[in-house]
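One structure is given below, encoded as structure tokens.
For clarity, every value in this text was computed on a predicted model and none was experimentally measured. Hydrogens, waters and symmetry mates are skipped; everything else that's a heavy atom, side chains included, is used.
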Amino acid sequence: MTQRFTRDELVARLVRAGELEVSGEDPAEAATYFDTEKFRFHGPDGFESDFAGLTDYFASVREAFADRSIRRGIVVAEGDHVACQTWIEGTFVREFTHAPAGPLPPNGGHVVFDLLNIFRFDDRGRLVEEWVRTDNRALLRQLGAGDS
């Protein structure tokens, strides 16, 4: 990769892409932060997806959770990779069709998705790959899935 973006520019692009995915405010702008044809998502428990699948996932988050927010914690950048803590929060008010255990009914609770992410950018500053780790058991407990 020919480094055309500074660390701060890549982090700013990452933050904005996350804000747009969580808010749903401008899908066309959100897409500009990704290589929509080559993007690959590697999630917990072997879950794999492309850009369309990621977009579909965030649409389900926006549908299921009110008062959503996203924030980033510790950020480490090395070349074309950025790693960070991410928290996505909201109130669980409608069915969550993309829960780790399948569709779940709302419980009205405040839910925090506590994530560790690693992102890879291309030389145009677009996201081309993402790895996510999270504690699905803790998430399912917040979603009201009992002793999952």
Checklist entry - Are Arg16 and Glu29 close enough that some pair of their side-chain heavy atoms sits under 4.5 Å apart? => result yes
Next on the checklist: So, applying side chain to side chain contact (heavy atoms under 4.5 Å, CB included) with Glu21, which one of Phe34, Tyr33, Tyr57 is it?
Outcome noted: Phe34
Next on the checklist: Using 0.5 Å steps for rounding, measure from the CZ atom of Phe119 to the CG atom of Leu10.
Outcome noted: 12.0 Å
Checklist entry - Minimum heavy-atom separation for Asp56 to His98, with atom names? => result OD2-NE2, 3.0 Å
Checklist entry - Can you get from Val128 to Phe121 by hopping between Ile, Leu, Val, Met, Phe, Trp and Tyr side chains that sit under 4.5 Å apart? => result no
Next on the checklist: Between Leu116 and Leu14, is there shared hydrophobic-cluster membership here, with clusters defined by ILVMFWY side-chain heavy atoms closer than 4.5 Å?
Outcome noted: no
Checklist entry - Ring centroid separation for Phe65 and Phe113, is it under 6.0 angstrom? => result yes
Checklist entry - CD of Glu130 to CG of Leu115: how many Å apart, nearest 0.5 Å? => result 8.5 Å
Checklist entry - Mind checking whether Phe41 and Phe58 sit in one hydrophobic cluster, side chains of I, L, V, M, F, W, Y counted as touching below 4.5 Å? => result yes
Item to check | Inter-residue atom distance Glu63.CD - Thr97.OG1, 0.5 Å rounding | outcome: 8.0 Å
Next on the checklist: If we ignore hydrogens and angles and just use 3.5 Å, is the side chain of Thr134 paired with the main-chain N or O of Asp114 as donor and acceptor?
Outcome noted: yes
Checklist entry - Quick one: CG on Leu20 to OG1 on Thr32, what's the gap to the nearest 0.5 Å? => result 7.5 Å
Item to check | Single-linkage hydrophobic cluster Val15~Val22, side-chain heavy atoms < 4.5 angstrom | outcome: yes
Checklist entry - Can you check whether Ile74's main-chain N or O pairs, donor with acceptor, with Gln85's side chain at less than 3.5 Å? => result yes
Checklist entry - Considering all heavy atoms of both residues, which atom of Arg7 and which atom of Val75 are nearest to each other, and what is their separation? => result NH2-O, 3.2 Å
Checklist entry - Do you know the tightest heavy-atom contact between Pro106 and Phe92? => result CB-O, 3.5 Å
Item to check | Heavy-atom side-chain proximity of Thr86 to Arg71 below 4.5 angstrom | outcome: no
Item to check | Heavy-atom pair of closest approach, residues Asn107 and Gly144 | outcome: ND2-N, 3.4 Å
Item to check | Full working for side chain to side chain contact (heavy atoms under 4.5 Å, CB included) between Leu140 and Leu104 | outcome: CA-CA 9 Å; Leu140 287 167; Leu104 290 173; 4.1 Å; yes
Checklist entry - Between Arg62 and Arg94, which heavy-atom pair has the shortest distance, and what is it? => result O-NH2, 4.2 Å
Next on the checklist: I want to check a possible cation-pi pair here: Arg13 against Phe5, using under 6.0 Å from ring centre and within 45° of the ring axis as the test.
Outcome noted: yes
Next on the checklist: Please determine whether the number of non-hydrogen atoms from other residues, nucleotides or ligands lying under 6.0 Å from atom CD of Glu48 exceeds 12.
Outcome noted: yes
Checklist entry - Atom CG of Leu54 and atom CZ of Phe39: how far apart are they, to the nearest 0.5 Å? => result 5.0 Å
Checklist entry - Roughly how far apart are Trp131 CH2 and Asn117 CG, rounded to 0.5 Å? => result 11.5 Å
Item to check | Polar side chain donor-acceptor pair, Asp67 to His110, under 3.5 angstrom | outcome: no
Next on the checklist: Could you check whether any side-chain N or O of Arg133 sits under 3.5 Å from a backbone N or O of Gly43, counting only pairs where one atom can act as donor and the other as acceptor?
Outcome noted: yes
Next on the checklist: Do the side chains of Glu19 and Arg72 get close enough for a salt bridge, i.e. N-O under 4.0 angstrom?
Outcome noted: no
Item to check | Connected via hydrophobic side-chain network under 4.5 Å: Ile118 and Phe47 | outcome: no
Checklist entry - Is it true that a side-chain atom of Gln142 and a backbone atom of Val112 form a donor plus acceptor pair closer than 3.5 Å? => result yes
Next on the checklist: If I compare all heavy atoms of Val82 with all of Ala77, which pair ends up nearest, and what's the gap?
Outcome noted: CG2-CB, 4.1 Å
Checklist entry - Would you find a donor on one side and an acceptor on the other, under 3.5 Å apart, between the side chain of Asp26 and the backbone of Ala28? => result yes
